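Start at 1 and go down the list; that is how both ligands and their atoms are numbered. Note that the structure is predicted; figures quoted are calculated from it, not measured.
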Amino acid sequence: MTLAESAPPRPDASGHYGRFGGRYVPETLMQTLVDLEREYAAVAQDAAFQRELQFLLAEYAGRPTPLWRARRFEESLGGRFQIWLKREDLLHTGAHKINNTLGQALLAQRLGKRRIIAETGAGQHGVATATACALMNMQCIVYMGAEDMERQALNVFRMRLMGAEVRRVTSGTATLKDATNEAMRDWMANCDDTHYIIGSVVGPHPFPMMVRDFQSVIGRETRQQILAAEGRLPDHLVACVGGGSNSIGMFHPFFADDSVRFWGVEAEGSGLATGLHAATITAGLVGVFQGSMSYVLQDDDGQIQPAHSISAGLDYPGTGPEHSFYADTGRGHYVAITDTQALDALQRLSRLEGIVPALETAHAIAQVIRMAPDVADGAIVIVCFSGRGDKDVFSLQRHIQLEDESPTAG
Ligand SMILES: *Cc1c(COP(=O)(O)O)cnc(C)c1O
């Protein structure tokens with residue numbers, strides 16, 4: 001019996017993945033979530049909706065993305081196995097997030113909601129949301145921690161250029177988790193005319209399922225592309241895990257293929273022992289956080305612990321319920337990569353392939369480097385290349401010293 005046959009449908013009717021997921025929200029939001037779930041079930045079956053989404057993904061966002069065989073990277077690791085990169089970095093706005101924001105904005109349009117709110121940490125989800133809202137002529141309000149607005153001033157400017165209003169959040173630690181709380185509060189007050197576009201496979205049901213479905217285009221394309229190129233399925237899928245959307249989008253379409261191993265890569269920051277990390281599954285405990293049950297970074301009293309990572313997109317103390325379920329059942333393997341390992345991998349891939357990965361993506365690359373000695377001869381490894389590194393070059397300059405090899409004049 002395969003895992004798919006033995007496992008219950010995911011999520012179940014109440015939005016649970018095993019003991020994870022669900023809907024832990026104030027009463028006022030319950031009806032909105034139930035309505036959203038019903039409307040989403042309708043559009044998921046609606047051919048016209050799916051055609052329109054397909055059109056936007058192809059002609060606006062740039063799908064399908066290439067599956068690139070990284071031969072120089074392969075050779076640097078001994079050349080015994082294949083490494084392919086699923087190039088989500090080549091999408092409009094430079095990462096996978098647009099797959100979800102286009103889907104949800106289209107859904108909001110169907111619901112007759114013309115006011116969109118979103119939370120953002122590094123600004124990547126905010127930019128992808130502002131992009132979809134400009135395209136579809138919707139009002140866009142993005143909640144962002146004051147701290148993050150300082151650190152990501154360029155993305156704040158990009159959002160404003162596209163007509164979005166960026167609201168500064170000063171409560172708590174003034175970062176992503178506080179921005180999310182603020183967005184939830186707005187939604188509770190305005191759910192009649194407002195849709196909340198959550199940026200990852202987190203939050204109350206149906207968000208983890210909905211965002212997964214919108215991101216599963218990654219895995220579906222990958223399956224077709226590797227079958228066309230090599231005539232067989234991959235042996236290993238490797239992807240970084242923040243909230244977990246690019247990784248679940250890659251993994252989910254392969255769920256029933258028992259021979260395909262999933263590697264979810266979390267951020268180990270300065271190291272597990274230092275307490276400065278974002279390794280939620282590796283080092284967290286099960287609890288309720290932002291509307292659902294999942295692994296969470298928390299102390300013994302259940303207080304949420306701040307996450308730390310060089311990569312803003314992985315710097316989140318929660319993770320999706322479906323990942324928590326994969327971890328508990330052994331379907332997925334979850335590991336952690338430090339800031340230093342990610343920085344090394346970023347430089348190595350840049351030089352070998354001429355492709356600069358986002359710092360988030362570099363965690364997945366680093367995992368391939370680490371596991372290389374254990375990968376079987378002839379195996380196929382596919383990395384979800386979630387985003388491009390352009391957004392990170394300013395902060396990279398603080399961490400990486402590059403030799404000035406130009407001849408000195410005079
Ligand atoms: C936001 C982001 C991530 C992390 O988010 P997930 O929901 O875990 O995918 C990873 N890579 C890039 C490039 C991002 O922008």
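- When each of R220, Q215, E322 is tested with H252 by the rule side chain to side chain donor-acceptor pair (under 3.5 Å), just one qualifies, namely E322.
- Side chains of Y17 and D328: a donor-acceptor N/O pair is absent below 3.5 angstrom, by distance only.
- A salt bridge does not link D315 to R151: none of the charged nitrogens lies less than 4.0 Å from a carboxylate oxygen.
- At a threshold of 4.0 Å, the pair E39-K113 does not count as salt-bridged, since none of the basic side-chain nitrogens sits closer than that to a carboxylate oxygen.
- Taking a cut-off of under 4.0 Å to the non-hydrogen atoms of S245, the atoms of ligand 1 that pass are 6 (P), 7 (O), 8 (O), 9 (O).
- The shell of residues lying under 4.0 angstrom from ligand 1, judged by heavy atoms, includes C240.
- Looking only at distances, a side-chain donor or acceptor of E353 sits under 3.5 Å from a matching main-chain atom of F73.
- For atom 10 (C) of ligand 1, the closest non-hydrogen atom on the protein side is E360 CB, 3.5 Å.
- For atom 14 (C) of ligand 1, the closest non-hydrogen atom on the protein side is K97 NZ, 2.8 Å.
- A cation-pi arrangement is absent between R331 and F325 under the rule of less than 6.0 angstrom and at most 45 degrees off the ring axis.
- Under a 3.5 Å cut-off, the side chain of H125 and the backbone N or O of I197 do form a donor-acceptor pair.
- Looking from atom 4 (C) of ligand 1 to the surrounding protein, the closest heavy atom is G313 O, 3.4 Å.
- With a 4.5 Å cut-off on side-chain heavy atoms, E182 and R167 do not count as touching.
- With ligand atoms numbered from 1 in the order given, ligand 1 contributes 13 (C) to contacts under 4.0 Å with heavy atoms of G387.
- Using a 4.0 Å cut-off between heavy atoms, H125 makes no contact with ligand 1 at all.
- Considering each of A239, G94, G242, S200, the one bringing a non-hydrogen atom nearest atom 8 (O) of ligand 1 is G242.
- Residue-to-ligand polar distances place G244 within reach of ligand 1: an N/O pair is separated by less than 3.5 Å.
- Close to ligand 1: H96, with a non-hydrogen atom less than 4.0 angstrom away.
- Atom 11 (N) of ligand 1 has as its closest protein heavy atom S386 OG, 2.8 Å.
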